[in-house]
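Just so you know, ligand 1 is whichever comes first in the structure, and atom 1 is the first atom listed for that ligand.
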Amino acid sequence: MVATSSGRDGWSSRTGFVLAAVGAAVGLGNLVRFPAEAAANGGGAFVLFYIFCILLIGLPIMLSETLIGRHGQASATESVKKMAAESKASSAWTSLAGLGVLSAFMILAFYCVIGGWVLYYIGIFVSDLFQSGVTGGALVGMTPDDIKAIFPGLLENGGLMAGLDAVFILVTVYFVARGVSGGIEVASVWLMPAFFVLLLGITIYGAFGGAFSEAVTYLFTVDFSKLTGPVMLAAIGQAFFSLSLGVAGMMTYGSYVGRDVNLAKTSTMISFADTSVALIAGLCIFPIVFAAGLSSEGGLGLMFDVLPHAFQSMPAGSLIGLAFFVMVGFAALTSSVSLMEVPTAWAMGKFGLSRHKAAGIVASLALVLGIASAYSFNAISGFHPLGFIPLFEGQGVFDALDSVTAKLFMPIGALLTAIFVGWVADRRLIDSENGLTGGLHQFWRFLVRWLCPLALTAILIVGIFPSVLGG
Ligand code: TRP
């Protein structure tokens with residue numbers, strides 16, 4: 001265990017922090033959600049605007065969140081409380097972190113269900129490797145209809161999903177319970193480099209055998225007529241999810257950072273790595289999909305339905321399919337660890353619990369909610385917990401957790417963070433933490449005070465009233 005200046009457990013080095021934060025940021029959001037959103041929103045225009053959002057909105061908020069945590073050296077709620085008190089502001093601002101802790105818990109619950117699906121596909125490709133061999137395509141002997149039935153078949157099986165969810169949560173809690181430097185950092189320091197090697201390997205392999213130039217054209221040819229309101233909002237929302245913002249996650253990770261670290265630099269490194277992975281993931285997935293002559297449908301189907309088809313016709317498809325889902329599993333795990341750490345750190349601070357107890361309780365509660373999510377695809381699909389709110393009408397537990405956090409809690413959390421750092425907190429505190437000087441400092445301040453709140457308000461309004469954009 002490495003202690004920070006305040007005597008708490010903390011990252012062993014700046015590299016440890018950056019890798020853990022990259023691990024938190026790089027996850028299913030980059031590998032599943034980004035390519036699917038790009039596909040659903042017309043390719044290049046979405047991608048270009050997404051990069052703008054990362055630079056002008058995501059990056060300033062990432063810096064804001066990490067500096068609150070680093071200043072507080074405590075759980076997200078206590079850090080905000082401390083900064084509010086030192087700025088002579090109302091302690092009600094603490095609720096912004098409280099909302100974040102709740103959102104992180106809710107995301108954790110459904111995220112681990114998807115983690116369980118990834119385990120299932122790892123299982124499929126392991127057994128396929130034995131049956132189909134290394135050199136041929138994957139899933140030989142299965143008709144397209146058989147392959148198409150895999151994913152719906154899984155969604156029908158609530159018990160299997162719940163069991164896989166439990167396994168994924170167990171692995172997650174193992175790392176969280178071992179602490180910041182001894183568990184979370186260890187996971188990232190080993191898994192992230194392995195992840196990068198797999199991602200680059202599969203991308204290069206796909207570039208030779210697949211439709212690489214078609215994918216490049218698809219992702220990077222910008223047709224500005226496609227840059228509509230809904231596309232822009234999808235890009236902002238994706239930027240936030242991908243950088244893990246708006247749920248107090250980066251506040252929590254920031255609280256384990258030493259005083260000597262320049263947070264502006266680390267935020268830039270983390271955002272750069274996350275965006276690169278999203279773009280490379282696009283260049284990894286689309287060539288494989290296009291080479292198999294499949295269309296790039298959006299949604300979860302891209303990964304769990306389209307890709308298995310594509311691996312079937314690919315040389316060494318079983319091996320590549322297995323490597324692919326192992327890689328997704330690594331990325332998902334370091335993200336679920338970050339999501340679990342937020343409520344765990346909160347419970348430790350709030351109730352004085354040991355890390356083991358806090359993590360165990362959070363994991364058990366996440367499992368309960370995860371089981372409900374797993375069965376919301378089948379046995380209890382008719383149960384719509386928030387059905388009385390028009391925005392969430394007809395959504396089961398899984399979908400409701402996803403949309404409440406994505407449409408409401410995350411933008412609200414990020415909006416409050418921007419207002420708090422830009423307008424409420426004492427300027428001297430902020431200036432001494434952010435690692436910026438001169439013109440860049442002015443620019444960052446402008447973004448946090450004006451552009452971020454405006455953009456986030458727009459996301460919120462359109463999220464709540466989709467008809468504003470005629471959608
Ligand atoms: N950013 C992760 C991804 O891309 C998901 C994630 C981890 C997350 N921690 C978060 C999302 C906190 C929002 C908030 O998959």
Show which side-chain atoms of residues 358-373 pair as donor or acceptor with protein atoms under 3.5 Å away, not counting sequence neighbours.
from: Ser364; atom 1: OG; to: Gly360; atom 2: O; distance (Å): 2.7
from: Ser373; atom 1: OG; to: Leu369; atom 2: O; distance (Å): 2.8

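- Every atom of ligand 1 with a heavy atom of Ser242 under 4.0 Å away is listed here by number and element: 1 (N), 4 (O).
- Ranking protein heavy atoms by distance to atom 6 (C) of ligand 1, first place goes to Ser244 OG, 3.5 Å.
- Note: Tyr253 and Trp11 have perpendicular aromatic rings, judged against thresholds of 30 and 60 degrees for the angle between ring planes.
- Regarding atom 14 (C) of ligand 1, its nearest protein heavy-atom neighbour is Val247 CG2, 3.1 Å.
- For residues 273-290, the pairs satisfying side chain to side chain donor-acceptor pair (under 3.5 Å) are Asn30-Asp274, Ser242-Asp274, with sequence neighbours left out.
- Aromatic pair Trp190/Phe175: ring centres not closer than 6.0 Å.
- Annotation: cation-pi geometry satisfied between Arg33 and Phe241 (NZ/CZ under 6.0 angstrom from ring centroid, within 45° of ring axis).
- On a distance-only criterion, Ala25 and ligand 1 share at least one N/O pair closer than 3.5 Å.
- Residue contacts with ligand 1 include Gly29, since one or more of its heavy atoms lies under 4.0 Å from the ligand.
- Not a single heavy atom of Arg33 sits closer than 4.0 Å to an atom of ligand 1.
- When all heavy atoms are compared, the tightest approach of Asn41 to Val231 is OD1-CG2, 3.7 Å.
- Polar contact check, Leu28 against ligand 1: a nitrogen or oxygen pair lies under 3.5 Å apart.
- At least one N or O atom of Phe241 sits closer than 3.5 Å to an N or O atom of ligand 1.
- Each of the following atoms of ligand 1 lies closer than 4.0 Å to a heavy atom of Ser335: 2 (C), 7 (C).
- Taking a 4.0 Å cut-off on heavy atoms, Tyr111 registers as neighbouring ligand 1.
- At a threshold of 4.0 Å, the pair Arg70-Glu65 does not count as salt-bridged, since none of the basic side-chain nitrogens sits closer than that to a carboxylate oxygen.
- Under the 4.0 angstrom criterion for non-hydrogen atoms, Ala104 is not in contact with ligand 1.
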